[in-house]
Amino acid sequence: MLTGKAAVVTGSTSGIGLGIAEALARNGAAVMLNGLGPAGEIERLRSDLAQRHGVPVEFHAADMTRPDEIRDLIATAERRFGRVDVLVNNAGIQHVDPIEAFPAERWDAVIAINLSAAFHAVAAALPGMRARGWGRIVNIASAHGLVASAGKAAYVAAKHGLVGLTKVVGLETAGSGITCNAVCPGWVLTPLVERQIESRAAERGVSIEAARRDLLGEKQPSGQFVTPAQIGESVIFLCSEAAAQMTGAVLAIDGGWTAQ
Ligand code: NAD
């Protein structure tokens with residue numbers, strides 16, 4: 001379905017972003033990976049994806065706190081692939097603390113990576129998409145883009161902001177062949193969430209398994225984790241012709257979290 005198209009997925013060396021990159025490559029898109037991690041491990045991911053799906057896969061190490069590097073990520077993808085048709089703003093970090101104890105430096109980092117990075121990437125990718133009259137921008141927000149939880153001031157503010165940015169980009173591109181939508185996952189078992197499960201287990205003196213059940217039970221009525229593959233497939237749907245009139249919208253994939 002995406003043969004001949006090229007995609008950039010920020011934060012795709014792990015978790016949800018990797019699941020999205022996998023789905024895009026499987027559907028024929030060239031993919032520019034991005035994210036942190038050991039060079040050898042990233043190269044293994046890159047060549048494995050390229051070989052299994054027979055598509056060009058490259059890696060750019062842009063730090064999502066650095067606007068110049070984000071813009072270079074898009075420019076490099078355009079140079080290498082001749083185009084950027086699909087942009088998935090996925091990179092994200094978490095920090096949990098009550099607001100009085102929330103380190104200002106962590107607030108700045110969460111807002112930069114989870115929100116401002118998407119602004120810079122969209123601004124850099126839009127001119128090419130407009131010139132070709134086709135584009136798909138998908139912002140990976142969160143259930144926390146729709147509702148809040150205590151202890152997550154920066155994350156909830158950034159994700160609500162990302163949902164707002166999605167609506168503005170949807171309006172500014174309406175009718176141009178470009179769409180911009182947000183996907184709002186509930187709990188997905190990735191390193192970002194595993195760290196939260198580990199601190200919960202330590203704080204409460206319970207096993208990892210008990211902390212995991214407790215985390216799901218508190219918010220996610222299905223009692224099951226969403227998978228990176230399911231988020232990947234939602235991005236494929238948003239890239240499809242069926243979703244051509246869907247823009248500025250929010251797709252909650254959260255096991256019922258935000259239905260409560
Ligand atoms: P993860 O920790 O597995 O992956 C995060 C990715 O972002 C990694 O590739 C990491 O290298 C990259 N990254 C982090 N800081 C970066 C930086 N400064 N520059 C470039 N890349 C950077 O986490 P995940 O759970 O896969 O999260 C992916 C996205 O999904 C995030 O935006 C997160 O907020 C969102 N999300 C996750 C969940 C969940 O339950 N896991 C739920 C809702 C939303």
Side-chain angles (χ1 to χ4, degrees), residues 8-23 31-39 41-42 45-46 49 59-74 87-96 105-106 108-118 120-121 138-149 152 154-163 165-166 182-198 200 212 215-216 218-220 222 224-232 234-235 250-255 257-258:
V8 173
V9 186
T10 70
S12 44
T13 53
S14 160
I16 293 171
L18 188 55
I20 295 169
E22 174 81 37
V31 178
M32 180 63 85
L33 298 172
N34 157 262
L36 312 176
E41 170 72 4
I42 292 173
L45 288 176
R46 190 205 62 74
L49 212 53
F59 170 74
H60 188 290
D63 177 345
M64 290 295 122
T65 63
R66 301 281 308 271
D68 52 335
E69 294 185 16
I70 297 166
R71 287 172 190 265
D72 187 59
L73 162 67
I74 302 296
L87 167 63
V88 184
N89 291 304
N90 165 81
I93 58 166
Q94 177 63 282
H95 182 87
V96 184
E105 164 276 319
R106 287 288 84 199
D108 289 342
V110 172
I111 299 293
I113 296 168
N114 298 25
L115 176 58
S116 303
H120 296 294
V138 183
N139 295 325
I140 305 304
S142 165
H144 284 120
L146 302 169
V147 295
S149 293
K152 296 186 174 173
Y155 190 84
V156 170
K159 295 299 190 181
H160 275 67
L162 190 56
V163 169
L165 175 68
T166 301
V183 172
C184 289
W187 293 124
V188 187
L189 195 56
T190 66
L192 183 142
V193 167
E194 277 161 4
R195 282 190 289 275
Q196 294 175 63
I197 293 170
E198 282 159 18
R200 184 178 283 248
R212 192 177 286 168
L215 184 99
L216 283 172
E218 206 175 82
K219 302 279 185 188
Q220 197 146 303
S222 68
Q224 293 159 353
F225 286 102
V226 182
T227 66
Q230 288 165 338
I231 304 300
S234 74
V235 171
V250 171
L251 209 55
I253 305 178
D254 63 7
W257 181 327
T258 56

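Whatever order the structure lists them in is the order used to number ligands and atoms, beginning at 1.
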* Protein residue, atom and distance nearest to atom 21 (N) of ligand 1, heavy-atom basis -> G35 CA, 3.6 Å
* Structure fact -> Min over I70, I140, N34, N90 of heavy-atom distance to atom 31 (C) of ligand 1 lands on N90
* atom 19 (N) of ligand 1 [closest protein heavy-atom partner, distance rounded to 0.1 Å] -> M64 N, 2.9 Å
* To do: Between A141, G92, G145, flag the one that comes closest to atom 44 (C) of ligand 1 by a heavy atom.
  => A141
* To do: Considering heavy atoms of the protein only, find what lies nearest to atom 6 (C) of ligand 1 and give residue, atom and distance to 0.1 Å.
  => G11 O, 3.4 Å
* **Region of A62 that comes within reach of ligand 1 [heavy atoms, distance under 4.0 Å]** => backbone
* Asked: Is ligand 1 under 4.0 Å from a heavy atom in the side chain of D63, in the backbone, in both, or in neither?
  -> both
* Structural part of C184 in contact with ligand 1, heavy atom criterion under 4.0 angstrom -> neither
* Asked: Taking the minimum heavy-atom distance to atom 41 (N) of ligand 1, which of I93, V188, D254 ranks first?
  -> V188
* Asked: Tell me, do T13 and L18 make a side-chain contact under 4.5 Å, heavy atoms counted?
  -> no
* Nearest candidate to atom 26 (O) of ligand 1, where distance is taken over non-hydrogen atoms, out of L115, V110, I16 -> I16
* **Protein contact of atom 24 (P) of ligand 1 - nearest heavy atom, named by residue and atom, plus distance** => T190 OG1, 3.4 Å
* Asked: Without hydrogens or angle criteria, can the side chains of T166 and N139 be said to hold a donor-acceptor pair below 3.5 Å?
  -> yes
* Structure fact -> closest protein heavy atom to atom 1 (P) of ligand 1 is S14 OG, 3.6 Å
* Structure fact -> re atom 11 (O) of ligand 1, the protein heavy-atom contact at minimum distance is L36 N, 2.8 Å
* Structure fact -> With heavy atoms and a 4.0 Å threshold, my read on which part of I113 contacts ligand 1 is side chain
* Specify the protein heavy atom at minimum distance from atom 23 (O) of ligand 1: its residue, its atom name, and the distance to 0.1 Å. => L192 CB, 3.3 Å
* Donor + acceptor pair across side chains of D68, H120 (<3.5 Å) -> no
* Heavy atom under 4.0 Å from ligand 1: found in K159's side chain, backbone, both, or neither? -> side chain
* Asked: Looking only at protein heavy atoms, which one is nearest to atom 43 (C) of ligand 1, and how far off is it?
  -> P185 O, 3.3 Å
